[in-house]
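Take a look at the structure below.
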Amino acid sequence: MQYNHQEIESKWQRFWAENQTFKASNDSDKPKYYVLDMFPYPSGAGLHVGHPLGYIASDIYARYKRHKGFNVLHPQGYDSFGLPAEQYAIQTGQHPAKTTEENIATYRRQLDQIGFSFDWSREVRTSNPQYYKWTQWIFIQLFNSWYNKDSNKAEDISTLIVAFEKDGNTTVNAVCDEDVTSFTAEEWNAFSDKEQQQILLQYRLTFLSDTEVNWCPALGTVLANDEIVNGVSERGGHPVIRKKMTQWSMRISAYAQRLLDGLNTIDWPQPLKDSQTNWIGRSQGAMVSFPVDGHDAKIDVFTTRPDTIFGVSFMTLAPEHDLVSKITTESQKAAVEAYVEATAKRSERDRMADVKTISGAFTGGYAIHPFSGEKVQIWIGDYVLASYGTGAVMAVPCGDQRDYDFAKHFGIDIPNIFEGVDISEEAFADKEKTIIANSDFLNGLKYKKAMKTVIYEMEKQGIGYGKINYRLRDAVFSRQRYWGEPFPVYYVDGMPQMIDAEHLPIVLPEVEKYLPTEDGQPPLGNADVWAWDTNTNTVMSNELVISNDSEKSDKHNGVYPLELNTMPGWAGSSYYFNRYMDPHNDTEFASKEALDYWKQVDLYIGGSEHATGHLLYARFWQKFLFDRGLVPVDEFAKKLINQGMILGTSAIVYRVSGSNQYVSKGLKDQYEIEELRVDVNLVNSADEIEVNDLRNWQPQFKDAEFILEEGKYIVGREVEKMSKRWFNVVNPDRICEEYGADSLRLFEMFLGPLEQSKPWKTSGISGVYSFLKKLWKLYYNGEEFSVSDEAPTKEELKTLHKTIKKVEEDIENFSFNTSVSTFMIAVNELTAQKCNKRAILEPLLVLVSPYAPHIAEELWSQLGHTTSISTTAFPIFDGKHLVESSKNYPISFNGKMRFTLELPLDMTKEEMEKVVMAHEKTQAQLQGRTPKKVIIVPGKIINIVG
RNA sequence: GCUGAAGUGGUGGAAUUGGUAGACACGUUGGACUUAAAAUCCAAUGACCUGAAAGGUCGUGCGGGUUCAAGUCCCGCCUUCAGUACCA
């Protein structure tokens, strides 16, 4: 019988589904292991061969862990809210729920045909109301929490109210808005309810604020920093501008330090940790106040080099800084206003692209140096960013290159405060070599000592204080989109109110148009039924409640407007790993028992593109949930692996410019040509394309002429991202049909190291396919299935045992590519040995089964087993039979090489010592000296010591 | 500019972490089987010297170094990819 992958694979996929083979139990005596993939966004294009790479790797590991006796949780679901479904809805009027449903069905079919061991009974979908009920619930918990810097964790807002009632806000040490005003207990108690709510909003972990946001006019929504690439939107590449809007934000900045510290406790790839570290951007320094001459105002600046404060010769404000208009003198007004206007006109992108041009304007105002009392000029310049620090810098031209360039350009003084350093050409920024001079009480001090001294002095005189600044901004949480989680929020008198948890979920309403309303409100403004009735606690018609206008809404008997924004894409993905533990729980997002049992993800596999998005937000929510006692651990994933991308190999034809002639690759240099990408699926493994296939493919080739070389048309190749528009997408359906899922799985692993990006080349799959056929033939020597019960030979055992050893090591190290080679060697050796012995072939199947589960199950059942191979224990290497032929060992004496001996690899230490000793005795006799003692030490060299 | 990763045959990639470089696979070439093709099997395949073999020389981006021994360790360059970017 021939190896028939189609029959075998559909048979066992059905078997696994019917028997719920991979269903995980929340109650088991076995140790637990949680293997998680980043759940996919179900896009309309379906899966291409690049998508399953990480899933295959995690599936191999999950299956391996089951063989090793673990209770494995290996779930899958869909991150099903998102922009593409909504954009499709805008274009076609199709409801996003409908297209999402269809796309999920396609994904599920494609995933099933690859034979993953997912526990589908735990599937989650972020767009499912039963799921986003808990997204809304967590939002409410964030709203009801504040961050206590003394206990260094999030606490219930009620503890903050108690503190306010007792002492006002002067004694609490909280993370809050920067512009909170201080008040006493008496003042607090005298505030109106609305005033109190406004103040509390400045402390809550999710809060409303007028923030300058990244507004994308083309998409009609705000974008988070990580959704912008090079000044344009990540999706679609539309321009992005800065705009002030009232938005929900998440106080992730409260967790900046803990997000940094936590990185030391988790086994994540270093590059990913580095990019999170950079994103959080911790810098240590001081906050210093410079009074403004002649005004009742001061300029606060953050600096990492307070030790250089005596080198300050001017200050620079961001053009958007609040003080600019106030301090500008009459004579400078025209110049300053012109500069501010010019800066506002320049897009963020321009400003970023152009870092060379030095520009700025003098305000005419002066600040007073807090130590020396000297007057220093105040300038504005666009090299100072409004969004970082305080939007103002103290300029030390001798110690900072940008300040230096600015001073040189405008002819400002550059005083030197460093001992023995020439600053005539450039600034001097080497902290380690710094010795301070011309700086009063800091003279002669080195960097570290100067830092301590100056900060101490600042704090003593009330000029400033030591401070740690973070680049990490609070995350904007509102999106002007339809296809996202609605907020569980309504407004009374303009103040946000949370809907009681018992009334969740607040289900996304139907709308007729998915675009923003005419007056610029988010799409939910189009819903007819979108107001909150506090009498019945239900969503009702918003006919009466037209806007957030407080006067109107209050007149309507407790019916209030609901929040019109929806949550961003990362909301639902920030806790889904906890929901998998107990996905059908209707009273909690997961029960305490389930959370305590599974605790955290043991292995998480996904792409590195989520480094500063999902993976940072998820860590933030987990820490928050941990603080509030809702989860048992404060990092959600112990180990993480970034799988590399599988790239496409595009095919290129060359059109002779201005004609309908296409020239083969080898002759293209003789013409002036343009490159065109064509469907890779038309090209064979020799880069050859049939011109008739091309003619039929697209009308533009129909009447084309082809200039061939040796009768063939050869295409050019280019490795790039798999994408429909490059026509280089390879569909896994085709591969599964032609070669089978087991081949696809083996081949994706065989392509190269998991973490690396690598190009797909379908021609290479024949190697793994013929491996499977050879494996099959070990059991089917003729037409009939046959294995013998004879005792294996030493050679056969050697093959088996070295395979066990290597494959186990490989899986533990996630080197799945090399174990595929190991299987091939094993099959070739066993074929050569004509081995058909059960004692060898049965354990071999278990080794192969994580990689190629279908063929393994089939042969396993033909071997007479009635239970699934996935419940079988992984074979154990007995340590005895691994025998290599021999190897030359250099023998050294006092570190100098003396001679080499050929020793078999399976020798014990004692045996080796004997042989080497005998050799040494002979040598010593020949040389007429006394033999040295032989000691085998770990390592490659065998040492003889005197 | 900064941070990180990586440079090995025609190609993807191995190399027990300092011990016979190029495993395994693709591709190519030759052969067997076949009317033919597909499939399958066998052999060769880093470069150079020699008709071939035997044998030898050179070979892991470049230049040095450490070592009995370097793809692997150290120093200095070059190149590619990824992330980040006026962060005070």
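Residue numbering restarts at 1 for every chain, and letters A, B, ... go by the order of the sequence lines. Source: prediction; values computed, not measured. We use all heavy atoms of the structure for the numbers below, so side chains are in, but hydrogens, waters and symmetry mates are not.
Rounding to whole angstrom units, OH of residue A:Y739 and P of B:rC26 are separated by 12 Å. The nearest whole Å value for the distance from the CD atom in A:E720 to the C1' atom in B:rC81 is 15 Å. A:Y388 has its OH atom 9 Å from the P atom of B:rC87, to the nearest Å. Atom CG in A:N278 sits roughly 17 Å away from atom P in B:rG1 (whole-Å rounding). When the P atom of B:rA6 is taken as reference, atom CD of A:Q270 falls 12 Å away, rounded to whole Å. One interatomic measurement links the two molecules: OH of A:Y3 to P of B:rU40, which rounds to 13 Å at whole-angstrom precision. Whole-Å rounding puts the A:W268 CH2 to B:rG4 P distance at 20 Å. Atom CD1 in A:I825 sits about 6 Å away from atom C1' in B:rC24, given to the nearest Å.
With hydrogens and angles left out, the side-chain atoms of A:S608 and A:N642 include no donor and acceptor closer than 3.5 Å. The closest side-chain donor-acceptor pair between A:Y780 and A:Q2, if any, does not fall under 3.5 angstrom.
Between A:W776 and A:F771, the ring center distance fails the sub-6.0 Å criterion.
A:D413 pairs by the side-chain hydrogen bond (donor to acceptor under 3.5 Å, both in side chains) definition with nothing, not counting sequence neighbours. Evaluation of the ring-ring contact (aromatic ring centres under 6.0 Å, His included) rule for A:F410 yields A:W379, A:F406 as partners, not counting sequence neighbours. Among residues two or more places apart in sequence or in another chain, the side-chain hydrogen bond (donor to acceptor under 3.5 Å, both in side chains) test is passed with A:Y3 by none. For A:H48, the ring-ring contact (aromatic ring centres under 6.0 Å, His included) test picks out A:H51, with sequence neighbours left out. Applying the side-chain hydrogen bond (donor to acceptor under 3.5 Å, both in side chains) rule to A:E426 yields no partners; only residues at least two apart in sequence or on another chain are considered. With sequence neighbours excluded, no residue forms a side-chain hydrogen bond (donor to acceptor under 3.5 Å, both in side chains) with A:T363.
Among the heavy atoms of the strands lying under 4.0 Å from A:D274 are primed sugar atoms or P, OP1, OP2 only; no base atom is included. Nucleic acid contact class of A:S608 (heavy atoms, under 4.0 Å, all strands): none.
Between A:S283 and A:V768, the residue whose closest nucleotide on RNA chain B is further toward the 5' end is A:V768. Nearest-nucleotide positions on RNA chain B place A:P271 closer to the 5' end than the other of A:F747 and A:P271.
Comparing the C1' positions of B:rG19 and B:rG71 gives a spacing of 13 Å, expressed to the nearest Å. Nucleotides B:rA52 and B:rA37 have their P atoms positioned 31 Å apart, rounded to a whole Å. Using atom C1' as the reference point in both B:rG46 and B:rG22, the two lie 8 Å apart (nearest Å). Distance check on atom C1': B:rG61 versus B:rU79 gives 7 Å, rounded to whole Å. When the P atom is compared between B:rU28 and B:rU11, the two are found 15 Å apart, to the nearest whole Å. B:rA70 and B:rA21 have their P atoms separated by 10 Å, with the value rounded to a whole Å. Taking the P atoms as reference points, B:rU57 lies 30 Å from B:rC74, given to the whole Å. Taking the P atoms as reference points, B:rU3 lies 24 Å from B:rU8, given to the whole Å.
B:rA88 is unpaired under the criterion used here, namely a Watson-Crick or G-U wobble arrangement in which both key atom distances are under 3.5 Å. Base pairing of B:rA53: no nucleotide in any strand meets the Watson-Crick or G-U wobble criterion (both distances under 3.5 Å). Here B:rA25 sits opposite B:rU11 as a Watson-Crick or G-U wobble pair (both hydrogen-bonding atom distances under 3.5 Å). Pairing partner, B:rG83: B:rC2, with both Watson-Crick or wobble hydrogen-bond distances short of 3.5 Å. Using the Watson-Crick or G-U wobble rule with both distances under 3.5 Å, B:rC41 pairs with B:rG31. Judged by Watson-Crick or G-U wobble contacts below 3.5 Å, the nucleotide B:rG59 has no partner. Nucleotide B:rU16 is matched to nothing when pairs are restricted to Watson-Crick or G-U wobble geometry with both distances under 3.5 angstrom.
A:K408 NZ: more than 12 foreign heavy atoms inside a 6.0 Å radius. With a 6.0 Å radius and a threshold of 12 heavy atoms from other residues, nucleotides or ligands, A:M824 has its CE atom above the threshold.
A sub-4.0 Å separation between OP1 or OP2 of B:rC87 and a side-chain N or O of A:R282 is absent. A close approach under 4.0 Å does occur between a side-chain nitrogen or oxygen of A:N828 and OP1 or OP2 of B:rA25. Considering only side-chain N and O atoms, A:R473 lies nowhere under 4.0 angstrom from the phosphate OP1 or OP2 of B:rC87.
For B:rG59, the O4'-C1' to base torsion is more than 90° from 0; the nucleotide is therefore anti. A glycosidic torsion no more than 90° from 0 defines the syn conformation, and B:rU17 adopts it.
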For nucleotides 7-15 of chain B, tabulate all protein N/O to nucleotide N/O atom pairs closer than 3.5 Å, reporting atom names and distance.
| residue | atom | partner | partner atom | Å |
| --- | --- | --- | --- | --- |
| B:rG12 | O2' | A:L751 | O | 2.6 |
| B:rG13 | OP1 | A:Q756 | OE1 | 3.0 |
| B:rA14 | OP1 | A:N817 | ND2 | 3.0 |

Protein-nucleotides 41-46 of chain B N/O pairs closer than 3.5 Å?
none

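Here the nucleotide nearest the side chain of A:M824, chosen from B:rA25, B:rG83, B:rA88, is B:rA25. Closest approach to the A:K773 side chain among B:rA88, B:rU40, B:rC24 is made by B:rU40 (side chain taken as heavy atoms from C-beta onward).
Residue pairs satisfying the salt bridge (charged side-chain N to carboxylate O under 4.0 Å, His left out) criterion with at least one member in residues 819-828 of chain A, sequence neighbours excluded, are absent.
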